[in-house]
Number of protein chains: 2
Amino acid sequence: MVLMSDDVWLNDEQQRAWVRFISVVERLPGVLDTQLQHDADLTHFDYLTLAMLSEAPDRTLRMTELALVTNATLPRLSHVVSRLEKRGFIERSPSTDDRRATNARLTDAGWEKVGATAPGHVGTVRDYVIDPLDAQDVEDLHRVMGKILAKLDPEHGLRVQR
Amino acid sequence: MVLMSDDVWLNDEQQRAWVRFISVVERLPGVLDTQLQHDADLTHFDYLTLAMLSEAPDRTLRMTELALVTNATLPRLSHVVSRLEKRGFIERSPSTDDRRATNARLTDAGWEKVGATAPGHVGTVRDYVIDPLDAQDVEDLHRVMGKILAKLDPEHGLRVQR
DNA sequence: TCCACTTAGTTGTAGCATCAACCATTCGAT
DNA sequence: ATCGAATGGTTGATGCTACAACTAAGTGGA
């Protein structure tokens with residue numbers, strides 16, 4: 001529109017890919033949230049927070065680390081952890097190393113919650129994303145998302161190489 | 001976790017692909033919103049709404065149609081259109097065909113807004129998504145997103161085949 | 001024709017995210 | 001040793017989204 005020079009606009013193939021991609025990006029979170037909200041009274045971000053803690057050593061991470069692995073800003077995480085703490089799934093305690101830092105630890109109740117919630121969530125992920133794809137698709141998804149993620153978050157991409 | 005049978009959990013390659021994908025899904029909207037908010041005082045969804053109208057015949061669509069192409073629910077769209085109407089970018093008028101229906105039409109000011117905003121937005125899309133990808137990546141992205149979108153929104157996938 | 005059902009859209013409310021402002025601690029340079 | 005800057009984190013206000021409830025208009029059968 002307005003400017004049609006190739007450096008600015010997208011070509012047809014790029015345009016088609018973008019439209020599909022952004023549609024998925026807009027719709028997928030709603031699907032995940034709906035299932036988790038309905039079955040576990042958690043947002044997808046709540047679940048991710050609990051899940052990341054459940055995989056950490058001693059079920060504990062500093063807020064900054066947790067924000068990194070959950071793709072969140074610190075204010076957002078702080079609010080979410082406050083709510084999850086009120087519900088008894090997480091405990092906060094000041095770090096002894098660095099007195100500015102806060103450790104978030106998954107409680108036993110939080111651990112149970114993740115275990116009870118995971119199968120339903122993974123089922124949704126399978127239904128809407130993984131099962132429609134063959135092995136080649138999954139490989140391509142991994143590669144393409146890697147390139148985009150490297151742009152969206154350069155440092156993080158280098159740290160968590162997997 | 002808890003249940004490890006292959007039918008329930010994901011294998012390593014699937015897991016890696018999912019983690020990257022969901023990271024992108026969580027981060028991308030923020031990047032788009034930030035640029036548009038900063039440069040045009042629009043959310044990405046605001047922009048999409050205006051852009052879809054700008055491509056429609058007579059710059060007009062019924063609310064239901066507009067909701068479809070913007071991947072939104074009707075309540076969400078209704079609120080957004082109300083705001084955009086207050087700002088003079090959209091006009092609403094009752095449909096003559098079906099007296100339940102409402103037509104949303106892009107005003108001249110709305111048209112100008114889209115034109116002024118598009119280059120910056122497309123620049124962001126290029127920077128973060130398109131430019132890091134080669135032609136093969138774009139093709140793969142298109143194919144894979146097509147399969148996922150077909151699950152997320154079966155009817156729509158059939159209608160807008162492109 | 002009447003009544004039940006569906007479709008189109010709006011509105012109010014509650015909850016989550018973003019942003020800016022803020023405090024406390026630590027680091028780095030002089 | 002001290003002061004300025006950077007880091008780690010929390011909090012409050014504002015704004016958008018989701019959900020439920022609702023009105024109005026069209027549809028389809030008995």
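Residue numbers start from 1 in every chain, and the chains themselves are labelled A, B, ... in the order their sequence lines are given, proteins ahead of strands. Note that these values count all heavy atoms, side chains included, but never hydrogens, waters or copies made by symmetry. Values in this document were obtained by computation on a predicted structure and should not be read as measured data.
- Checked by atom type, the side-chain pair Asn11(B)/Gln15(B) shows no donor-acceptor distance below 3.5 Å.
- Residue contacts shown for Arg83(B) include a base, since a base heavy atom lies under 4.0 Å away.
- With dT11(C), dT11(D), dA8(C) as the candidates, the nucleotide lying closest to the side chain of His79(B) is dT11(C).
- Applying the 6.0 Å contact sphere to NZ of Lys151(A) captures no more than 12 heavy atoms from other residues, nucleotides or ligands.
- Of the two residues contacting DNA chain D, namely Gly30(A) and Ser82(A), the nearest-nucleotide position lying further toward the 5' end is that of Ser82(A).
- Using a 3.5 Å distance cut-off with no hydrogens or angles, the side chains of Asn71(B) and Ser23(A) do pair a donor with an acceptor.
- Ranking dA20(D), dC19(C), dA8(C) by closeness to the Thr34(B) side chain, first place goes to dC19(C).
- Side-chain proximity of Arg100(A) to dA20(C), dT17(D), dT7(D): nearest is dT7(D).
- Rounded to whole Å, the distance from CG on Leu77(A) to P on dT10(D) is 8 Å.
- When rounded to the nearest whole Å, the span between CZ of Arg99(A) and P of dC23(C) equals 18 Å.
- No more than 12 heavy-atom neighbours from other residues, nucleotides or ligands sit within 6.0 angstrom of OH on Tyr128(B).
- Protein atom NZ of Lys86(A) is 13 Å distant from nucleotide atom C1' of dC16(C), rounded to whole Å.
- Toward the 5′ end of DNA chain C lies the nearest nucleotide of Met63(B), the other residue of the pair Met63(B) and Val80(A) mapping further downstream.
- Taking atom CG on Leu74(A) and atom P on dC22(C), their separation rounds to 18 Å, with Å as the unit.
- Residue contacts for Thr102(A): at a heavy-atom cut-off of 4.0 Å it reaches the sugar-phosphate backbone alone, with no base atom in range.
- Note on ring orientation: taking the six-membered ring where Trp is involved, the planes of Trp18(A) and His44(B) are perpendicular (angle over 60°, cut-offs 30° and 60°).
- A close approach under 4.0 Å does occur between a side-chain nitrogen or oxygen of Arg92(B) and OP1 or OP2 of dT10(C).
- When the C1' atom of dG15(C) is taken as reference, atom CG of Leu36(A) falls 16 Å away, rounded to whole Å.
- A straight line from CD of Gln37(A) to C1' of dA20(D) spans 14 Å, rounded to a whole angstrom.
- The nearest whole Å value for the distance from the CZ atom in Phe45(B) to the P atom in dG15(D) is 19 Å.
- Rounded to an integer number of Å, the gap from CD of Glu85(B) to C1' of dT11(C) is 15 Å.
- Distance from the side chain of Arg76(B) is smallest for dT17(D) among the nucleotides dA25(D), dT17(D), dG12(D).
- Among the protein residues, Asp98(B) comes within range of the sugar-phosphate backbone only, with heavy atoms under 4.0 Å from sugar or phosphate atoms but none that close to a base.
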